[in-house]
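Working notes for the structure below.
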Amino acid sequence: MKLSTPKSHPRFLSLYYRDLLSEGVKRNITSLQGLTAHGRGETFDYLIGERTESFARKAIESSAALLILAKHPILSVNGNTAILIPKEYVELANLLGAHIEVNIFHAGKKREKNIADYLKKYGAKKILLPDSGKIPGIESNRRMINNLGQAKADVIFVPLEDGDRTGALKKMGKKVITVDLNPMSRTAQKADITIVDNIVRVMPILISQVKKMKNESTSYLKKILNGYDNSKILSLSLLHIDTRLKKLASRESSHF
Ligand code: ATP
């Protein structure tokens with residue numbers, strides 16, 4: 001991809017990911033609405049301080065435990081995640097022996113296929129697409145899922161997801177792990193595990209946690225999960241933002 005931002009720019013990384021997303025739109029992988037969702041994420045990333053904090057690390061550790069213990073884990077991918085972290089998605093799926101399933105908010109067969117083809121370039125062998133499976137209680141095409149994928153799954157990794165679908169998947173009895181920079185979103189509030197951090201920082205850490213914990217005993221992994229409290233993690237993330245803003249506001253001349 002041709003970059004429009006010089007590497008010397010102080011906010012190069014943030015602008016690089018914007019370039020990636022606009023490339024995603026040109027390739028009909030990311031939706032236009034996906035750009036605004038990214039903007040909402042960036043706002044919260046600024047508030048958090050663009051770093052992986054301890055509440056996110058704790059949630060990542062528990063996510064690794066839940067994904068390793070799962071009988072039928074599924075990694076759901078949308079247009080934003082596909083363009084931002086394709087290599088990492090494929091690596092995580094291979095490590096877990098899990099399938100990746102395309103699920104996009106603004107459904108379209110062509111875009112679903114483009115996402116699948118893009119991930120295949122990064123080594124994915126098989127990508128599931130929505131078929132006749134359905135999420136009860138959801139209107140429109142967004143209810144369609146794969147019968148052998150999310151419909152059968154016990155644990156679903158759904159980063160950057162919308163709140164309605166998260167709630168409906170939970171009602172189906174699925175365990176839901178999400179990544180969401182906004183700790184107040186309905187998804188963040190409803191998921192079993194919420195990683196409040198940027199997906200681009202989360203994936204490498206999650207991959208190394210899975211590698212580290214893969215051979216641990218079931219009882220060890222269950223102990224990690226039993227000690228995990230998502231509402232506490234959400235509270236800690238909000239308190240972190242609050243403390244950070246107070247510190248910034250109390251400086252005489254604040255350099256954000
Ligand atoms: P909800 O429906 O859950 O209340 P929402 O209406 O914001 O939330 P979407 O716009 O569908 O739902 O979800 C996108 C979510 O993903 C937003 O909460 C946004 O903060 C978050 N997000 C966007 N980009 C990233 C990113 N790179 N990493 C992590 N989270 C992100």
Side-chain angles (χ1 to χ4, degrees), residues 11-25 29-53 55-60 63 75-89 92 102-108 111 115 135 137-145 150 156-171 174 176-207 230-231 233-234 237-238 240-241:
R11 296 202 48 78
F12 169 75
L13 261 189
S14 162
L15 297 172
Y16 166 71
Y17 290 120
R18 284 186 186 178
D19 282 346
L20 257 188
L21 284 161
S22 56
E23 181 67 21
V25 172
I29 287 173
T30 309
S31 67
L32 279 175
Q33 291 86 345
L35 299 183
T36 54
H38 184 77
R40 182 176 291 167
E42 280 186 324
T43 311
F44 281 93
D45 211 3
Y46 232 115
L47 295 174
I48 287 168
E50 296 175 309
R51 275 179 30 170
T52 303
E53 291 294 336
F55 49 81
R57 288 189 189 275
K58 184 96 192 125
I60 292 172
S63 301
L75 312 184
S76 172
V77 70
N78 65 16
N80 285 39
T81 46
I83 201 78
L84 288 173
I85 30 117
K87 182 174 136 298
E88 291 81 359
Y89 238 76
L92 182 64
V102 178
N103 272 108
I104 54 182
F105 190 90
H106 299 279
R111 199 155 68 81
I115 292 173
I135 308 179
I138 294 285
E139 303 275 316
S140 81
N141 281 348
R142 287 170 45 229
R143 70 174 182 269
M144 306 314 290
I145 47 176
Q150 291 198 38
I156 310 181
F157 180 70
V158 275
L160 285 57
E161 180 56 283
D162 135 89
D164 284 7
R165 267 181 45 105
T166 306
L169 287 169
K170 290 274 306 155
K171 278 196 190 137
K174 317 288 180 191
V176 174
I177 301 168
T178 197
V179 180
D180 197 324
L181 279 159
N182 175 5
M184 288 170 282
S185 80
R186 291 167 312 149
T187 298
Q189 297 284 330
K190 285 176 185 169
D192 294 283
I193 301 180
T194 307
I195 305 170
V196 184
D197 195 14
N198 197 318
I199 187 79
V200 299
R201 292 192 298 269
V202 168
M203 287 306 284
I205 306 173
L206 180 57
I207 288 168
N230 206 48
S231 56
I233 292 295
L234 291 170
S237 67
L238 287 167
H240 165 76
I241 292 173

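First listed ligand is number 1; within each ligand, the first listed atom is number 1.
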What distance do [X] atom [atom1] and [Y] atom [atom2] have between them, rounded to the nearest 0.5 Å?
X: K174; Y: I145; atom1: NZ; atom2: CD1; result: 6.5 Å
X: I29; Y: L21; atom1: CD1; atom2: CG; result: 10.5 Å
X: T43; Y: H38; atom1: OG1; atom2: NE2; result: 9.5 Å
X: L238; Y: N182; atom1: CG; atom2: CG; result: 8.5 Å

Close side-chain approach of [X] and [Y], heavy atoms under 4.5 Å:
X: F105; Y: N78; answer: no
X: T52; Y: I205; answer: yes
X: I199; Y: I85; answer: yes
X: L84; Y: L20; answer: yes
X: N230; Y: D192; answer: no

Looking only at N/O atoms, are [X] and ligand 1 under 3.5 Å apart anywhere?
X: N198; answer: yes
X: G163; answer: yes
X: F44; answer: no
X: L84; answer: no

Residue pair D164, R186: steps toward the salt bridge (charged side-chain N to carboxylate O under 4.0 Å, His left out) verdict: CA-CA 8 Å; D164 284 7; R186 291 167 312 149; 2.7 Å; yes

Proximity of N80 to ligand 1 by residue part, where a heavy atom lies under 4.0 Å: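 For N80, no heavy atom sits under 4.0 Å from ligand 1.
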
Residue [X] vicinity, atoms of ligand 1 by number, heavy atom under 4.0 Å:
X: T187; result: 3 (O)
X: D162; result: 2 (O), 3 (O), 11 (O)
X: D197; result: 28 (N), 29 (C)
X: N182; result: 18 (O), 20 (O)

For [atom], what's the nearest protein heavy atom and its distance?
atom: atom 8 (O) of ligand 1; value: S185 CB, 3.6 Å
atom: atom 4 (O) of ligand 1; value: R186 N, 2.8 Å
atom: atom 17 (C) of ligand 1; value: D180 OD1, 3.7 Å
atom: atom 28 (N) of ligand 1; value: I199 N, 3.0 Å
atom: atom 30 (N) of ligand 1; value: L181 N, 3.1 Å
atom: atom 10 (O) of ligand 1; value: A37 CB, 3.8 Å
atom: atom 5 (P) of ligand 1; value: R40 NH1, 3.2 Å

Any V200 heavy atom less than 4.0 Å to ligand 1: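 The answer is no: ligand 1 sits nowhere under 4.0 Å from a heavy atom of V200.
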
Close approach of E161 to ligand 1, heavy atoms, under 4.0 angstrom: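 Checking ligand 1 against E161, which is what was asked, there is a heavy-atom contact under 4.0 Å.
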
Residues R11, E42; criterion salt bridge (charged side-chain N to carboxylate O under 4.0 Å, His left out); working and verdict: CA-CA 12 Å; R11 296 202 48 78; E42 280 186 324; over 6 Å; no

